[in-house]
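Only this structure's heavy atoms are used, side chains among them; waters, hydrogens and symmetry mates stay out. Naming: A, B, ... by sequence-line order, numbering from 1 per chain. Computed from a prediction, not measured in an experiment: that's the story for all the values here.
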Amino acid sequence: MAADNAPFVRLAGIRKNFGAVQALAGVDLSIPAGRMVSVVGHNGAGKSTLMQVLAGTLAADAGEIGIGGVERQAGYDVHVAQALGIRCVFQELSLCPNLSVVENTRVVHPGLGGFGWRRRCRALIVEALDAIFPGHNIDPDRTAGELAIGQRQMVETARAFTEAGTKVRLVILDEPTASLDADAASHLLRFTEAARAKGIALVFISHRLPEILGHADEVVVMRDGEVAGGGAARDFTEERLVELMGVVREAASEGGRTETSVGALRVEETGAAGRRLPLRLHAGEIVGLGGLAGHGQRAVLQAVFAAAHGRDGHWRVRGSVAYVSGDRQSEGVFPLWSVGLNTTVSRLRALAHAGIISLRSERTLAEEWRRRLEIRTPGIDRPITSLSGGNQQKVLLARALASAADTILFDDPLRGVDVGTKRELYRHVAEAARAGKAFLWHTTENIELENCDRIYVFHRGTITDEIPRAELSEERLIRASFAAGMSDATGMSGAPDMSGAR
Amino acid sequence: MKQRLAVALEARPWIWSFAAALLVWIAIAASVAGHGAMATIAVALQFGTFYAVVGIAQMLVIAAGPGNIDLSIPGVMTVAGYLAMGMTGEVNSGLVLGLLVGLGVGLAAGVFNIVLIDALRIPPMIGTLASGFVFQSMAIAYSRHSHARPAPLLADFVSARLLGIPLIALVFMALTVLTAFLLRRSIFGRSVLAIGQNREAARLAGLAVRPSLALVYLASGILAALAGILLSAYSGGAALNMGGEYLLMSIAVVVLGGTSIAGGQASPAGLWGAAILLDLVVTMLNVLGVGAGLRFVVTGIIIIGVLALARGPEARY
């Protein structure tokens, strides 16, 4: 094992802002050669941003980057990182689906050209696959698109460890076991020990806490763009990790939603195959969809929206539905239109007689919602693009509320919105719920779930917990997000599927 | 002041085509020392009407967003022209049948395009190009046994003038105004413009995306058929090459008129400025005695020039 006094990677005071959002607020990280460091944290804690800075795909705003004992921050980019032997295995698989496994290996080794490259690439990738996943059963001449997702993950992982020219010094493994079955995952974890013995440094990102505690040498816990704690993995327990990842706070929402008058059933999951808890939403309710991003919450919202328009058999939706996306560029605003036109677009039917829109009623409606949501613009005729991001998001919320839909679907609508605006919007949501609207609210910010009456927590496409607001705690939320245990409070018996096998 | 002017111009993208048309007309008037300058406008309006009709069709399609275009317009014009003339049988009493069949062809062409685009998921550029060939081939087959001339009533209508202004120009200016009104005030028009800006946002806003797109291609088919019938009537009968130049012209008048090629915004008034401009340019070159080959070159240069002038460097495509 290499000496600890000269770590292979030394990051100090790394800062990164995206607009007004601070993703990294001065992070220090050192990774010794021959050690595996696990970086853990909840959504938006800054793990991915930090890894992108390390891999050179994102430039830090400030901070020091030392690789192999040399300061590198000036001109550090992905090419430099690769030349220094830094490799990444990302969750979003980066194989070209139309190329064979052999050809995909060639893609990352520009130096392997010339006659006989196929033979050389085949030898490299087969050797790596055999070493990491014995009995993998992958034909290297198949195209990547033909492989099952788990096999693709194996190829991607093995490819990162192939060497041609530059030696592999550091491999970033971002959720490498997420799509592997239990057998392949344990093979990989065993292989990391062999790699470490060869002096390769590893960064291991996983949402499976037992894997981290069982295999990593060191743990770094991130929260809100900062390092919240860390140390030798053997000194940590799951409880301690969960505690460090999020402050355990009492559930108390300032909006004062003390009682909820639950009305008629609005949304009901009828084909809950594979889901332990069927989702239900009543009039007047605000129901949160929590858990880590990308674990099926958005799919639920899209399915409910489709069902409301008569295209999904697994959901029964009563009444009309409106959708508010947090991705306003690609799913929200109409950039050539004014604030007013953007507000009223979902309400045109009610504003029209015989298909012709009454401009006067339209103006009245737009003005009303501008006033009610306090949208900051000199007038509703101003272009929507002249508004700040938060105000554009207000317009999208106004559009949904003005549409008079019975149910409103929130797909993380306040992503990147400033705190002041958020508070205002929480108040409007609570008010609309009191008036009988139902909300299905997916958010990646756990604190936002305090505005919900009930929370369904998602893990890998299934609901692992249903938390009434009175029982909401960050700890229980994180536990369910990582499927580390289901609460007894819901009266469910039996543990959720934790094997990770697919 | 300067900024207000810029804003005012940006809100009126059709101004450029009219300004350019005016300049060309002044050039013509100067070179002929004023003789017959007014007549050139009347002629430009006469031919410009055909450009404007296919322009309305193409504008609706282009406004529906990236990827949407109707390249079958020349084929539809030709086959509709032939069938309408043939079914009319050169007599006024056959007009109703002829017009119904001609417009029916346009409707059928629109449905065919919708099937290709919506059901078979073929990109509009390829689907309508292919269907255009099918329609053109049908016209060729039909032309073997029919060379009917237009019914007298229709021929009189398309060349009639009211106070010196071609009657069909007035009729289709009214249709242009109606189109502008529908785009601004109807649910259909709003839907098309919303889809053109951001299709996914339009879907999530609850708009009827697929029906709106279908309507746009239907309208395009019917308007192309109408243009084909009127042009046949004006030219004394349909001809196999009559649609040829309308592929470029339908797109040119849309773009020169100030409609965003990126979709989501339409400029119906500009169609007329652009149509008159393109016709006046041909007149001007004729007056100057320029050969046919060079005329196309100049037309191309003018299209590029007006586009470069009308949109700043930061124009959005």
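- For residues 168-182 of chain B, heavy-atom neighbours of chain A at less than 4.5 Å comprise B:Phe181, B:Leu182, sorted by residue number.
- Contacts of residues 359-383 of chain A with chain B at a heavy-atom distance below 4.5 Å involve A:Leu359, A:Glu362, listed in sequence order.
- In this structure, the portion of A:Ser358 lying under 4.5 Å from any heavy atom of chain B is its backbone and not its side chain.
- In this structure, the side chains of A:Ser330 and B:Glu200 stay at 4.5 Å or more apart for every pair of heavy atoms.
- For A:Val333, the part lying near chain B is the backbone, with the side chain staying farther off; criterion is any non-hydrogen pair under 4.5 Å.
- We find the CZ-CD1 distance between B:Arg185 and A:Ile357 to be 7.5 Å, quoted to the nearest 0.5 Å.
- Across B:Ile187 and A:Ala352, no two heavy atoms sit closer than the pair CD1-CB, 3.9 Å.
- Here the straight-line distance linking atom CZ of A:Phe334 with atom CG of B:Leu207 works out to 5.5 Å at 0.5 Å rounding.
- The 12-atom threshold is not exceeded at CZ of B:Arg184, counting heavy atoms of other residues, nucleotides or ligands nearer than 6.0 Å.
- Residues A:Tyr323 and B:Arg203 are not in side-chain contact: their nearest non-hydrogen atoms beyond the backbone lie 4.5 Å or more apart.
- One finds the CG atom of A:Leu341 at 5.0 Å from the CZ atom of B:Arg190 (value rounded to the nearest 0.5 Å).
- Here the side chains of B:Asn198 and A:Gln329 are not in contact, with every heavy-atom distance at 4.5 Å or above.
- Contacts between A:Arg349 and chain B at a heavy-atom distance below 4.5 Å involve backbone atoms as well as side-chain atoms.
- Side chain of A:Ser346 to main chain of B:Ala205: a donor-acceptor pair is present (N/O by atom type, distance under 3.5 Å, no hydrogens or angles).
- A:Trp337 approaches B:Leu193 most closely through the heavy-atom pair CZ2-CB, 3.7 Å.
- Taking both residues in full, the closest heavy atoms of B:Ser186 and A:Ile356 are given as CB-CD1, 4.1 Å, listed atom of the first, atom of the second, then distance.
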